[in-house]
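Only one structure is covered here, and it is reproduced in the block below.
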Amino acid sequence: MGENLVIVESPAKARTIGNFLGKDYLIKSSYGHIRDLSKENLGINIQKNFTPEYVIPEDKKQVVRELKKASSDARIIWLASDEDREGEAIAWHLSEVLDLDPEKTRRIVFHEITKDAIDYAIKNPRSINNNLVNAQQARRVLDRLVGFELSPVLWKKVRPALSAGRVQSVAVKLIVDRERAINAFQPESSYRIIGIFIHTDPDGQQSAFRAELSVRPEKKEEARKILEYCSDAIFTVTDVISKPARKSPAPPFTTSTLQQEASRRLGFSVAQTMSIAQKLYENGRITYMRTDSVNLSKTALAAAKQVISEEWGEYYSKTRNFKTKTKGAQEAHEAIRPTYIENRSITATRNEQRLYDLIWKRMISSQMSEALFEKTTVKIDISGRNEQFLASGEVLKFDGFLKVYSETVDSETDENGKGLLPPLKTGDKVIPENIDAIQKFTNPSPRYTEASLVKKLEELGIGRPSTYAPIISTIQKREYIVKQDRPGKKYTYIILSLTGGEISEESKTETYGAEKNKLFPTDIGMLVNDFLVEHFTEILEYNFTADVEKEFDKIAAGNIEWTQMIEKFYKPFHERVQRTTKVSKKPTGERILGNDPQSGKTVSVKIGKFGPMVQIGNAGDTDKPRFASLLKGQSIETISLEEALALFKLPRKVGEFEGSEIIVGVGKFGPYIRHKSVFYSLRRNQDDPLTIENQAAIEIIKAKRDQIQNKTIRKYTEDPDLQILKGRWGPYIRYNKQNYKIPKGIDPDSIDYEACMRIISKKK
DNA sequence: CAGTGAGCGAGCTTCCGCTTGACTT
């Protein structure tokens, strides 16, 4: 005992390694970083050449105590933190804090947790790479400087407790820029001309297929002319080209791709995916879930090959090694995969099983053969015209990896080009059954989901696997962005139809752009973004991180001093901070909408002390100005004069119920209705306080009454204030507006009055 | 619990990237 101490970052990893190393090795975990910059002031001594002031956070003191004891007992200490910038820094902090003797200390790394990899690592130790440590210090110090100097500017100029940072501010900018692009988007329309053609083969067998005209006319008249021409044209098949096509499987999951697929297929939020994956990892079901690597260990490759061959035959197996293309990837781990590939399914909670299944399929399919197709494209001439109809079909010849898994895509897939075409030959005549010209509108880029934002950040090299979920939660906590559903807008489009030689015209209405769980910027988010972009342009640029990463790489290569790099950044940055604090005005986002038709006064919107508001009149006027808050979903950037004026109609009377009037208004906690001095919240994303009618209001009142009744499990005659209620975590006691937990071992259905009172008095 | 919008002004807030628990009214 005590011969060797191995320190890794994660306790689950420590457990696994314990199985591979013998009794002579004690494995302990550092639980990530053990030191960080002090939170007092900057935590950096600028005068002393940016010397970092490191402290051990309160919640790490116990860990450090234990590691100190273990290391002083050990003969050799093996620092086995991850092989990346952060891991190297952890190793260095450990050696400093534990005061390790270099003679007794070995730095080792392994990318996969297999016996071979660990044995190899033990046989090939090295010393701590100080250049890499310095690159990490530069990263840490830069982030602290940016975060702790920018945030106070916002406290002074916008409102307290806001934040800004290298990563979060750019994440917000992505969402703001996208929203503005959507607002500014001008849809253009064109006509897709799609025919259903009938082909008759030599035996008289008829079959129908779809083909689309090679051009899309912009004007309805043009589309109509083409249809008119088609009504007595002759259609001849010209080119028939068949060629084989193949499709390869996607690589196994990284953090980012796992989050994307779990969001699309299982509807999980990014945070939910990570917490479920964490459980799977801790239970030894999957490899580490915070990774940017698509690499697989040799043992995993061999196991996959065996599973695939046994299940579907050897020709379904194809061993592949994937290479990471992601910017800034540090590849300290394997891809995310099942630890034991032969475990097709596991016993766990339903969501754990579903996520495991996804990970299993993705990993297995990545080691399977390509799917083979035959793709056929056909051209159909229209007599006397240059345009052609095009048809394409795809036949699956060999399913390969598709047997298990196919990656989903965000965009709508084209409905053309799927399925089988009839056996067409050059020179065949085909007859149109009907031809439609359908008006189609171009769409702006879609709003981000949590997962698609992560994808974008990863592409830009911003953030790391361990921070994607926290970034999204931070910018929501600061109220820079909101995750919301929004109803779509109705739009009308035209269909011209050629059937039986006659052309008919019809207009149809559809809803477009309904959003579910999408990320929208708030007014404060846009205001802060614009302020930062104006005064700190460089930091808000999408390639800022990529640029500083290049500097960090130079530090890691030993080509520049980290303090020099920081100094070069800090001087102009700090000056900018000071100048902005001194000279810039408080941004309000004010926008003049027009004049109030009643009073003739100016109507404006801006961010007030309590959020976005409309104002009629000005502060200096003889009458005080009138104010109203904007509703959720409204924005100072897009609200119209009419919408703004409508807000002054609240509170208003909606109607009557049970002989008393119903009033609708907007309060501290959002829109409400009041009836017999009881308040009811309006249903989110459903009711609009400006338009809600009496019937809907009555429904809300009745539903709330029902809900209260269902929530009550038990009442007591002894004391009407005492109730047993059904809550989020099961039954609980409510007494005089206080809640009490029911201790384990007591049956909530049969708990009597005395027992309740005992629990209550005990708590007090 | 169901607005407010203002000229006195304490002391607080904040970054990014490694890691898990503890425990919910």
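Considering only side-chain atoms of A:Arg166, the nucleotide from B:dC16, B:dC15, B:dG5 that sits closest is B:dC16. Comparing B:dT14, B:dT20, B:dT19 by their closest approach to the side chain of A:Asp82 singles out B:dT19. Distances from the side chain of A:Pro11 to the nucleotides B:dG5, B:dT20, B:dG17 place B:dT20 closest. Comparing B:dT19, B:dC16, B:dC15 by their closest approach to the side chain of A:Phe148 singles out B:dC15. Residue A:Tyr281 places its side chain closer to B:dT20 than to any other of B:dC15, B:dG17, B:dT20. Listed nucleotides: B:dT13, B:dG17, B:dC15. Nearest to the side chain of A:Pro160: B:dT13. The side chain of A:Ser163 has B:dC15 as its nearest neighbour among B:dC15, B:dC18, B:dT20. The side chain of A:Arg290 has B:dT20 as its nearest neighbour among B:dT20, B:dC18, B:dT14. Nearest nucleotide to the side chain of A:Val666, out of B:dT19, B:dT14, B:dG3: B:dG3. Among B:dC16, B:dT19, B:dG5, the nucleotide with an atom closest to any side-chain atom of A:Met613 is B:dG5.
A sub-4.0 Å separation between OP1 or OP2 of B:dT13 and a side-chain N or O of A:Ser151 is absent. Taking side-chain N and O atoms only, A:Gln615 has no distance below 4.0 Å to OP1 or OP2 of B:dG5. Phosphate contact (OP1/OP2 of B:dC15, side-chain N/O of A:Arg478, threshold under 4.0 Å): present. A:Tyr680 has no side-chain polar atom (N or O) that falls below the 4.0 Å cut-off from OP1 or OP2 of B:dA2.
Counting any heavy atom pair closer than 4.0 Å across all strands shown, A:Ala164 reaches sugar-phosphate atoms only and no base atom. Using a 4.0 Å heavy-atom cutoff across all strands shown, A:Arg144 reaches at least one base atom of the nucleic acid. Residue-level contact check: A:Gly463 touches the backbone only, with heavy atoms under 4.0 Å from sugar-phosphate atoms and none from bases. No engagement by A:Ser30 is indicated, since no non-hydrogen atom pair under 4.0 Å with the nucleic acid exists. Across all strands shown, A:Ser29 has no heavy atoms under 4.0 Å from either base or sugar-phosphate atoms. Using a 4.0 Å heavy-atom cutoff across all strands shown, A:Gly667 reaches at least one base atom of the nucleic acid. Counting any heavy atom pair closer than 4.0 Å across all strands shown, A:Leu150 reaches no nucleic acid atom. Across all strands shown, A:Val146 has no heavy atoms under 4.0 Å from either base or sugar-phosphate atoms. A:Gln136 comes within 4.0 angstrom of nothing in the nucleic acid, heavy atoms only. Residue A:Arg139 is in base contact, counting any heavy-atom pair closer than 4.0 Å across all strands shown. At a threshold of 4.0 angstrom between heavy atoms, the contacts of A:Tyr468 with the nucleic acid are absent.
B:dG17 adopts an anti glycosidic conformation, its chi angle falling more than 90° from 0.
Per the geometry, CD1 belonging to A:Ile34 stands 16 Å off P belonging to B:dT20, to the nearest Å. A:Glu549 has its CD atom 14 Å from the P atom of B:dC16, to the nearest Å. When rounded to the nearest whole Å, the span between CG of A:Leu682 and C1' of B:dA2 equals 12 Å. Residue A:Asp623 contributes atom CG, which lies 16 Å from atom C1' of B:dG5 at whole-angstrom precision. A straight line from NZ of A:Lys624 to P of B:dA6 spans 8 Å, rounded to a whole angstrom. Spacing between atom CE of A:Met289 and atom P of B:dC18 amounts to 12 Å, rounded to whole angstrom units. Look at CD1 on A:Ile471: it is 10 Å from C1' on B:dG17, rounded to the nearest Å. Rounded to whole Å, the distance from CD on A:Glu40 to C1' on B:dC15 is 16 Å.
A:Ser10 contributes no side-chain N or O that forms a donor-acceptor pair with the base of B:dT20 under 3.5 Å. Judged by distance alone, with hydrogens and angles left aside, A:Arg140 brings a side-chain donor or acceptor within reach of the base of B:dC15, the pair sitting under 3.5 Å.
Applying the side-chain contact (heavy atoms from CB on, under 4.5 Å) test between A:Asn529 and each of A:Ile524, A:Val170, A:Leu540 identifies A:Leu540 as the sole match.
A salt bridge is defined here as a Lys NZ or Arg NE, NH1 or NH2 lying under 4.0 Å from an Asp or Glu carboxylate O, and A:Asp36 with A:Lys60 fails to meet this definition. Between A:Asp143 and A:Arg166 there is a salt bridge, since a side-chain N of the basic residue sits under 4.0 Å from a carboxylate O of the acidic one. Classification of A:Arg290 and A:Asp82 as a salt-bridged pair fails, no side-chain N sitting under 4.0 Å from a carboxylate O. A salt bridge links A:Arg85 to A:Glu549: one of the charged nitrogens lies within less than 4.0 Å of a carboxylate oxygen. A:Lys550 has no carboxylate O lying under 4.0 Å from a charged side-chain N of A:Asp553, or vice versa, which leaves the two without a salt bridge.
Ring-to-base geometry places A:Trp155 in a stacked arrangement with B:dT13 (centre distance under 5.5 Å, plane angle under 30°). In this structure, A:Phe627 forms no aromatic stack with the base of B:dT4, since the conditions of centre separation below 5.5 Å and plane angle below 30° are not both met.
Two residues, A:Ser169 and A:Lys60, neighbour DNA chain B, and the one matched to the more 5' nucleotide by heavy-atom proximity is A:Ser169.
Rounded to the nearest 0.5 Å, atoms CD (A:Gln137) and CE (A:Met565) are 13.0 Å apart.
Looking at A:Lys279, its side chain never comes within 3.5 Å of a backbone N or O of A:Glu352 through a donor-acceptor pair.
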